[in-house]
Every structure is written in structure tokens, then in C-alpha cells.
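What follows is one structure encoded as C-alpha cells, with my remarks underneath.
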Amino acid sequence: MKRYNPKDIEVKWQKKWDADGTYKVDLDSVKPKYIGFGMFNYPSGAGIHVGHVRAFTIPDIMTRAKRQQGFASYQPIGWDSFGLPAENYAIKTGVPPQESTKTAIKKYHEQYRALGWAVDWTKEINTTDPEYYKWTQWVFTKLFEHNLAYQQESPQWWCNQCKTVLADEQVLGGKCWRHDSEEDPLVSKRNLKQWFFRITKFADEMLEATEDLDWTQSVKASQQSWIGRSIGAEVSFAIEGNKKELKVFTTRPDTLYGATFIVLAPEHPLVADITTEEYKADITSYAKSSIVKSEVERQQDADKEKTGLFTGAYAINPVNNKKIPIWVADYVLMGYGTGAIMAVPAHDERDFAFAKKFDLDITRVVSNNEPDEDCTHAEGVLINSEEYNGMSSAIAREQIVKDLQTKKIAHEKVNYRMRDWLISRQRYWGAPIPIIHCESCGPVAVPEKDLPVELPKIENYRPTGGYVSVLAGVEDWVNVPCPTCNKPGKRETDTMDGYVCSSWYFLRYVDPTNSEQAWSSARSKQWIPVDFYNGGDHATAHLLYARFFMRFFHSIGLVDSPEPFKRMIYHGKIKAGDGSVFSKSKGNGIDPLEVIEQGYGADAIRLYEMFAAPVELAVLWDEQGIPGAYRFLNRVWNITQEFLASSEEQLDDKITADIRMIEHKAIAKVTEDIDGVLFNTAIAALMEAVNGLYKLKGEGKLKKDDVWQSAIESILMLLAPFAPHITDELWSQLGHDDSIHIDHWPTLNIDYVTLDTVTFVVQVNGKLRAQIQLPKDSEKEVVLTAAKEDENVKEYTAKGNLVKEIFIPGKLINLVVKD
RNA sequence: GGGCGAGUGGUGGAAUGGUUUACACAACAGACUUAAAAUCUGUCCCGGUAAAACGGUUGUGGGUUCGAGUCCCACCUCGCCCACCA
């Protein structure tokens with residue numbers, strides 16, 4: 001009997017799949033389509049560890065199952081290969097990122113193949129390939145054409161280690177997303193002229209659509225909180241002795257009578273204008289230090305003592321014409337709302353803390369159950385608000401805005417937490433922004449015929465130290481004629497945020513070699529949205545960006561769907577046994593190739609990782625898990641060998657029914673669970689089926705018979721998405737010439753899993769007292785009679801009077817007994 | 001502080017409002033073996049019993065129900081995301 005040895009079979013099948021093009025999809029197939037994959041991978045020098053295996057096995061199973069079920073199933077592959085690690089490596093070693101990226105990708109190829117992931121290598125893409133970033137640049141020019149890409153000078157996050165600005169979404173807890181460990185410093189702000197994409201234009205649409213997405217709930221919640229819509233009003237306050245008006249945003253216009261002072265952000269343009277001579281020196285230095293001080297330091301600690309200064313100026317509260325002081329404080333942020341607030345200390349904790357510290361008036365205007373001396377955010381009934389007294393907060397809120405609106409003092413306003421997407425990066429290893437600056441024409445997009453704007457090869461990658469990229473020093477690249485007027489112009493020297501490349505790649509996947517267009521509409525129509533997407537890291541920003549791009553493409557008729565990903569799973573991380581995260585810096589990542597080399601094989605790693613827990617949950621790496629999975633595969637192998645070696649013999653009806661029951665229960669459960677991405681229970685069902693067959697084998701009932709063959713083949717087909725190598729091997733040993741992975745999925749026959757006789761549970765007062773075997777469709781009276789005959793049931797019903805019977809057909813009867 | 005989610009054996013985890021603990025890991029026992037590994041078979045929530053019966057048990061307390069791990073309310077703990085966003 002042959003023994004299960006993954007080393008013998010896995011490489012053999014990987015080669016055969018490659019040679020046969022088993023996973024090559026025909027993009028113009030007439031079969032129903034299915035496309036699924038994990039989030040774009042960055043090919044780092046270290047390769048993948050066992051944590052990544054989970055991320056890529058999940059879509060592998062989904063697309064494999066669909067391929068077996070007769071779909072044109074496509075698991076694409078590509079590399080998100082622009083980025084800082086390769087550039088930093090170049091600075092250190094002088095090896096061009098073009099080369100180190102290629103080397104890294106090679107290692108990934110080896111790992112991906114060894115794990116048996118069914119990707120279509122013939123359609124591989126790579127963001128650093130000029131043929132790809134040509135179209136990334138084209139996307140930029142389209143956005144520019146539609147006024148959704150613009151330049152603006154403003155204070156921006158600056159990571160001093162990356163030597164570049166960062167988008168809002170790339171700052172986590174005040175630190176750069178690439179430098180967020182404890183020893184890393186906070187990012188700071190620099191006033192720079194930068195390129196932005198107007199993502200906020202779609203904020204509302206995206207928010208509305210989020211609820212209906214078939215995505216992991218926590219990811220949807222993240223999307224919603226990032227977009228952060230709040231509905232309120234913008235109210236204008238007159239400034240005493242100044243013609244200009246001061247606008248504030250508030251979500252609580254019902255508390256307007258309680259606004260006892262105004263607070264401006266230190267950067268607010270009116271600060272210089274209104275500050276009186278007496279306070280000018282102090283205010284100027286406060287504003288200066290606040291602006292230089294990173295905004296994160298200002299925000300970091302909500303419990304921090306409030307700081308601020310009086311400007312000497314007063315505003316007039318439009319509802320009661322009261323004179324209220326205008327202050328400057330760093331707890332008000334220029335980037336949100338209007339950069340100015342009406343402070344209502346009685347009903348806002350921050351304003352309350354500020355008022356207490358600087359001894360400002362506190363006027364309660366909402367009455368509720370909260371104690372008077374505290375600040376309360378809760379709603380209630382208005383007091384101290386003249387004609388609005390007695391109104392509920394909700395009604396007053398609308399009424400006050402309505403009344404002020406007629407005087408053009410206020411109007412309803414919706415605000416978003418999300419800011420426009422800053423995409424400029426002052427680094428070399430990115431896609432150049434395809435803009436030429438011309439003195440007479442301004443910024444001009446590079447015409448499509450001149451794309452791509454290729455990255456020039458350079459010798460020294462070290463950033464200049466200023467706030468520009470090294471590209472600024474490549475003179476013969478920078479100096480080009482203006483495409484419009486032909487006068488001398490200069491190229492934009494910033495490159496694009498890597499997220500730009502990864503926000504549209506799924507469209508390139510469905511038309512990877514198109515040299516005329518980024519993608520054809522026929523292809524996007526057929527294949528997009530993506531049926532199945534999964535990821536586990538940096539998901540918020542990437543998903544927002546990809547959704548934004550799709551909405552933009554949709555708005556100009558380039559795609560049919562406004563959403564990129566129909567179904568999205570956010571899987572939990574795999575952590576080291578001690579609970580720490582696998583990481584390069586810790587050096588605790590386990591290379592899956594090592595585990596394969598130990599002899600367990602790729603199938604066992606895959607199976608273990610899918611079986612350990614539901615996909616959304618974090619999992620601690622368990623050394624014992626792989627041998628466990630290997631043991632199960634071994635049982636599958638051995639029973640197949642024993643079947644092949646067994647003697648032919650007719651089975652009796654009882655055994656036939658038992659085998660079919662085992663087979664079809666597994667078909668029903670595994671098919672359903674894969675569809676629901678419930679892999680751990682699908683695998684458990686397969687184990688149960690194999691255990692059932694082993695039991696029959698132990699009783700000497702394993703014979704060479706069609707019923708046995710069918711059961712074993714069904715189990716192999718159901719196991720194939722999880723363990724592709726062993727199943728294709730056994731499939732061929734069972735006499736098949738074709739691959740198990742294409743168009744082979746067992747069909748459920750419901751009759752085989754329907755029993756004529758079932759176990760009825762008999763309860764007395766909800767407690768189990770007996771189990772009786774009866775025909776499945778027995779009437780209540782029959783079950784009741786049988787139940788009453790049971791000795792144990794008799795004992796309990798004798799304790800009182802039977803007042804009621806609850807009957808669930810085919811399942812249960814509950815006798816309710818009372819004294 | 002806000003939002004989302006979760007608390008079930010020694011462990012990872014199962015469970016359409018209907019037999020709690022499927023499947024596995026670890027542990028223990030038996031078979032095979034000179035022996036070990038591998039493999040096969042069995043035991044495995046707590047109390048109770050020779051074995052059953054029986055009683056208790058899904059973070060805590062209450063509620064709805066014939067019946068609650070599951071639904072509702074309050075509380076405790078943990079995880080993730082957001083957070084001086086007006």
C-alpha cells in the first residue's frame with residue numbers, strides 16, 4: 001500500500017497544473033463568472049509567513065469551489081510593488097528598486113506555487129511595470145479633467161522617517177502607518193503645496209451605500225465612522241467693530257442661547273484680523289506654537305489641560321444679541337467644520353472644561369434629569385431661551401435654524417470627518433504625477449499619447465533633505481515643453497501615493513494586457529464587481545479609496561457598478577503562540593516553506609489554518625495543529641488505498657443506506673458552509689464523514705463497490721478546495737484522467753439524508769426524559785401515546801396533572817405538568 | 001468618551017428558540033510492536049452511581065417562553081475600530 005507522502009505528490013501536481021493551464025481562465029468564457037482574491041500584496045524581501053497563508057487560502061477556497069461547480073472562476077495575481085521598503089533598500093545598497101522588486105517577486109512566486117494557490121499566472125500584473133502605471137497616470141488625468149484632482153497649499157502630515165507627506169488615513173494614533181511602533185516619533189505638519197483627490201465629493205453616496213454591502217460588519221462600521229457624517233447647522237456671528245462675519249458649525253443649534261463664547265482654531269484666518277493690540281503679541285506666539293506643534297500632540301490627550309487665549313474681540317450671539325468673547329484655543333481644529341465653534345459650556349464637555357479653567361459664563365439652556373452643576377450632552381426641554389422655552393431639543397433645533405434662515409444667519413449643513421485624499425509623495429519609488437507646470441497655462445495634464453511618464457533611472461536615491469523628491473534634481477527629465485503652448489515647462493516631481501495604484505487594480509485584472517485602454521468596458525461589465533474579496537490590514541483607507549475610484553468611473557460611464565467588491569471578508573490575524581503579531585522586525589514569522597519541508601506539506605498547513613477557527617477570528621499559532629491536520633489527510637489517503645485494494649462484493653441495503661447517508665450529509669453541509677465562508681465547520685463535517693466511513697471499515701464492510709467509490713469521490717471533491725494536491729492525486733488513483741479541480745462537485749440527493757425513522761425527544765417541563773424511535777411523520781397522538789408509555793416519563797408525569805403538550809413534528813414533544 | 005463584536009470543557013471552537021459541549025488539540029487507557037514512533041479503538045464539563053437514574057452548568061443578576069448559550073433589560077470582563085470632529 002502506498003503511503004501518504006506530500007513531498008512526492010505536491011510538486012508533481014503543481015507542475016502538472018502549470019503545464020495543463022488548470023487555473024487559467026478564459027475571460028470571454030460563456031460560463032457564469034466568479035472572481036475572487038485577497039488584498040493586493042506588497043512583495044517585501046522577507047517573503048510571506050504563515051499568517052499570510054490564511055489570507056490567501058480563503059479566496060483560494062472560494063474560487064476553487066466555484067471552479068469545481070462549473071464557473072469560469074478567476075483568482076488573479078499581482079504585485080503592489082511601489083513603496084518605501086524597496087527605495088530605502090536602494091538608498092542603503094544602491095540596488096535599484098526595479099531590480100530588488102523583481103528579486104522579491106521571484107521569492108513570492110516560489111511560495112505561492114508551493115502552497116498550491118490556484119492563481120492564473122498568465123494574467124499577472126505589477127504596479128511598477130510602466131505598462132501598468134501608464135494607466136494609473138491615465139486615471140489621474142481623468143480625475144484632473146473632471147476637476148477631482150487639484151493642488152492646494154495647506155499644513156500636511158509629514159513623516160520625517162519616510163521623508164514624505166502622508167494622507168489623513170495613513171496616520172494612525174498620531175504616527176505614520178509605516179512607523180507606528182513605540183519608539184517611533186509622532187508625525188508633524190508642514191505647510192506644502194500638494195495634490196489632492198476630491199474623495200469628499202462622494203462621501204454622501206458612499207456612506208449611503210455602505211449599509212447594504214455584504215461585508216464584515218466591523219469593516220462597514222469603520223467605513224461609516226471614517227466618512228463621519230454629522231448633520232447640523234452653520235451659524236453666522238457678527239463681530240463687534242468688524243464687518244466680517246464669523247461662521248461656526250454646530251450639531252446642536254438648540255443650545256444657541258447657551259453659547260457664551262466663541263473659540264477659533266489658532267490657524268483661523270480671522271485671528272490676526274480681530275485680535276486687539278493688547279493681546280496681539282501673546283496670540284501670535286500661541287498660534288505659532290500651536291501650528292508648529294503637531295496637531296496630534298494637540299489632539300492626543302483628551303484629558304489634557306485646555307489651553308487658550310482671549311483675543312480681546314467680541315461676537316454677537318444672533319439669537320439674543322448678547323456680546324460674547326472670542327477666544328483662540330488649540331482644541332478647535334482648523335480642518336473640521338469652519339475651524340470655529342460656538343462654545344456651549346453647559347452642554348459640551350470640552351467647552352465646559354474650558355469655561356471652568358478660564359472662568360467663563362455657563363448658561364444652562366436644556367432642562368433634563370442631569371444635575372444642574374454638571375455639563376450635560378443629553379437632550380431635554382429648552383429653558384433660558386426666550387420664545388423657544390418649553391420646546392423639546394429636537395423641535396427647537398429645527399425651529400431655531402428655520403427662523404435664523406429667514407434672516408440669512410443660519411442654514412442646515414452636513415459635515416464630514418473625511419478629508420480629501422492627499423496623494424503627493426516626495427519620494428522616488430512611485431508613479432510620477434503626470435503633470436507639467438507651465439508659467440502661462442498652469443498645471444497641464446500629460447496627454448494620453450505621452451503616457452507613461454516613466455521614472456528616470458538615477459544613481460543616488462537619497463532624498464534631498466528638502467520637501468521635494470530626488471526627481472527634482474533630474475534636470476533633463478524635469479525640463480519639458482508645455483504640451484499646450486510648447487513654452488518651457490517643468491514636470492511635477494512628486495510621485496503618487498501607492499494606494500492610488502491599488503485603488504483600481506481589480507479593473508486591470510480583468511483586462512491585463514490591453515494596450516489601448518486601462519480596461520475595456522465589455523470586460524468590466526462582465527467581471528466587475530469582484531465577487532469575493534478579503535483582507536485583514538489597512539482595510540479602511542484602501543476600501544474607501546477603491547470605492548471612491550469606482551464611483552468616479554461609474555459617474556463618467558466607465559463601469560457599470562458603483563461598488564468594487566460585492567462581498568468582503570475581514571479575516572482575523574494569525575499570531576504567534578504568545579499572542580504577539582508575526583513581524584519582520586521581531587523575526588518570529590514562520591516561513592510556510594519550512595513547514596512543507598518538514599514533510600507535512602502545503603495541504604496540511606492550509607487545512608489547519610482553515611480549521612483552527614472561523615475566518616473572522618484571530619488565531620494563535622499552535623504547533624500541534626499541523627500534525628492534527630496531517631493526521632486527517634493521512635486517514636483520507638489510507639481509506640482510499642484500502643478501498644483500491646479491497647475485494648469486490650455486493651453490499652446489503654442497510655450498509656448502502658448508511659454510506660449514502662454519510663456521503664450526502666457531507667455534501668449538504670460542506671456545500672452550504674463554503675458558500676457561507678464557514679470553513680472550520682465544513683472541515684469538521686468532512687472529518688465526521690471520514691470517521692463514519694472508518695467505523696464501517698472497522699466492521700469489515702469496506703468493499704470494492706460503486707457506493708463506496710461514490711462516497712470516497714464525493715469526499716475528495718468536497719475536500720479539494722482545502723487540500724488540492726492530495727485530492728487530485730487520489731482522484732487520479734481512482735481512475736480519472738482529468739483534474740478534480742475543474743467542473744467536479746458532488747450533487748446532493750436529499751432522499752439519502754432523509755430518515756424514515758427518527759428520534760423524538762420527550763421532555764417533561766422542558767427537561768429531557770426520554771428518546772423514542774418513531775416514523776418521521778408520526779402524528780402528535782402517536783408520539784404522545786408512545787411517550788406516555790415510557791417508564792421514566794411516567795414517573796415524572798405522575799407528579800402532577802398534564803396540562804399541555806407542545807409538539808414539534810419529527811422532532812420533539814414536551815409535556816407540561818403542573819400540581 | 002463613542003461605535004462594533006465577543007464571553008460555552010484543560011485548549012481551539014460547535015450549536016434554525018428544542019438532547020449544551022459537534023469537530024479537533026492536549027491528556028489518559030487498550031490493541032498492534034521485543035520496544036518506541038506511527039496507526040487503530042476507547043475514555044474525557046462538575047457532582048452523583050458499580051453502571052444507570054438523578055442534580056448542577058454556557059461571565060453575573062433579572063425578564064419573556066411549555067422550553068433560553070440563543071430573544072429582552074441591567075451589570076461585569078475582554079477584543080477591535082474611532083476619538084478634543086463641535
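The figures here come from the full heavy-atom set of this structure, side chains too, leaving out hydrogens, waters and symmetry mates. Proteins get letters first, then strands, A, B, ... in listed order; numbering begins at 1 in each.
When the options Thr311(A), Val271(A), Leu270(A), Val263(A) are evaluated for a side-chain contact (heavy atoms from CB on, under 4.5 Å) with Ile326(A), the one that passes is Thr311(A). The residue from Gln771(A), Gln773(A), Lys811(A) that alone fulfils the side chain to side chain donor-acceptor pair (under 3.5 Å) condition with Thr759(A) is Gln773(A).
Relative to the side chain of Tyr331(A), the nucleotides G56(B), C84(B), C23(B) differ in distance, and C84(B) lies closest. Of the candidate nucleotides A86(B), C66(B), A22(B), A22(B) has the atom nearest to the side chain of Glu688(A). Between G3(B), A86(B), C66(B), one nucleotide has an atom nearer to the side chain of Val816(A) than all others, and that is C66(B).
Residue Tyr608(A) contributes atom OH, which lies 13 Å from atom C1' of A26(B) at whole-angstrom precision. In this structure, Leu620(A) places its CG atom 13 Å from C1' of C25(B), rounding to the nearest Å. For the pair Ile715(A) CD1 and C23(B) P, the computed distance is 15 Å after rounding to whole Å. Residue Asn765(A) contributes atom CG, which lies 16 Å from atom C1' of A68(B) at whole-angstrom precision. Rounded to an integer number of Å, the gap from CG of Asp673(A) to P of A22(B) is 17 Å. What separates CD of Gln223(A) from C1' of C4(B) is a distance of 14 Å, to the nearest Å. The CD atom of Gln641(A) sits 16 Å away from the P atom of U39(B) (whole-angstrom rounding). Protein atom NZ of Lys575(A) is 13 Å distant from nucleotide atom P of G12(B), rounded to whole Å.
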Response to the item:
Under a 4.0 Å heavy-atom criterion, the protein footprint on nucleotides 13-21 of chain B, written with B, S and -, is SS-B-BB--

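With a 3.5 Å ceiling on both atom-pair distances, A53(B) lacks any Watson-Crick or G-U wobble partner. U64(B): no Watson-Crick or G-U partner with both key distances under 3.5 Å is found in any strand. For G79(B), the paired base is C4(B) (Watson-Crick or G-U wobble, both distances below 3.5 Å). The nucleotide G42(B) finds its pairing partner in C28(B), both defining distances of the Watson-Crick or G-U wobble pair being shorter than 3.5 Å. Nucleotide A15(B) forms no Watson-Crick or G-U wobble pair with any nucleotide shown, as no partner meets the under 3.5 Å limit on both distances.
Note on Arg229(A): nothing from the nucleic acid sits closer than 4.0 angstrom, heavy atoms only. Residue Gly625(A) is out of contact with every strand shown, counting any heavy-atom pair closer than 4.0 Å. Lys695(A) comes within 4.0 angstrom of the backbone, heavy atoms only, and of no base. Heavy atoms of Phe354(A) sit nowhere under 4.0 angstrom from any nucleic acid atom.
A donor-acceptor distance shorter than 3.5 angstrom exists from the side chain of Asn792(A) to the backbone of Arg769(A), with no hydrogens or angles considered.
The gap from the P atom of C78(B) to that of G59(B) amounts to 16 Å, rounded to the nearest Å. Comparing the same atom, C1', in A27(B) and in U34(B) gives a spacing of 27 Å after rounding to whole Å. Nucleotides G7(B) and U16(B) place their P atoms 13 Å apart, quoted to the nearest Å. Taking atom P on both G79(B) and G12(B), the two are 15 Å apart, rounded to the nearest angstrom. Separating the C1' atom of C32(B) from that of G48(B) is a span of 37 Å, rounded to the nearest Å. A gap of 47 Å separates the C1' atoms of C4(B) and A53(B), to the nearest Å. Using atom P as the reference point in both C25(B) and U41(B), the two lie 12 Å apart (nearest Å). Spacing of P atoms, A15(B) relative to G69(B), comes out at 16 Å, to the nearest Å.
Between G5(B) and Gln217(A), no contact under 4.0 Å exists linking OP1 or OP2 to a side-chain N or O. Taking 4.0 angstrom as the limit, Lys665(A) places none of its side-chain polar atoms (N or O) nearer than this to OP1 or OP2 of A22(B). Look at Arg635(A) and you'll find a side-chain N or O under 4.0 angstrom from OP1 or OP2 of C40(B). Between Ser230(A) and A86(B) there is a side-chain N or O to OP1 or OP2 distance below 4.0 Å. Residue Asn691(A) places none of its side-chain N or O atoms closer than 4.0 Å to OP1 or OP2 of A22(B). Phosphate contact (OP1/OP2 of A86(B), side-chain N/O of Arg417(A), threshold under 4.0 Å): absent. Distances shorter than 4.0 Å separate some side-chain N or O of Arg631(A) from OP1 or OP2 on A26(B). A close approach under 4.0 Å does not occur between any side-chain nitrogen or oxygen of Asn638(A) and OP1 or OP2 of A38(B). Side-chain N/O atoms of Lys767(A) include one lying less than 4.0 angstrom from OP1 or OP2 on G56(B).
The nearest heavy atom of RNA chain B to Met687(A) and to Tyr694(A) marks one nucleotide each, and the one closer to the 5' end goes with Met687(A).
Taking syn as a glycosidic angle within 90° of 0, G9(B) qualifies as syn.
The shortest side-chain heavy-atom distance between His268(A) and Met334(A) falls under the 4.5 Å cut-off.
The ring-ring contact (aromatic ring centres under 6.0 Å, His included) search around Phe249(A) returns none, not counting sequence neighbours.
In this structure, Lys306(A) forms no cation-pi arrangement with Phe354(A), as its terminal cationic atom is not both closer than 6.0 Å to the ring centre and no more than 45° off the ring axis. A cation-pi arrangement is present between Arg635(A) and Tyr694(A) under the rule of less than 6.0 angstrom and at most 45 degrees off the ring axis.
Rounded to the nearest 0.5 Å, atoms NE2 (His347(A)) and NE2 (His377(A)) are 10.5 Å apart. In this structure, CD1 on Ile61(A) lies 5.0 Å from CZ on Phe722(A), to the nearest 0.5 angstrom. Atom CZ of Arg229(A) sits about 12.5 Å away from atom CE of Met206(A), to the nearest 0.5 Å.
Contact record, Phe237(A) with Met342(A): CZ-CB, 3.9 Å, taken as the closest heavy-atom pair.
With hydrogens and angles left out, the side chain of Lys306(A) and the base of C84(B) share a donor-acceptor pair within 3.5 Å.
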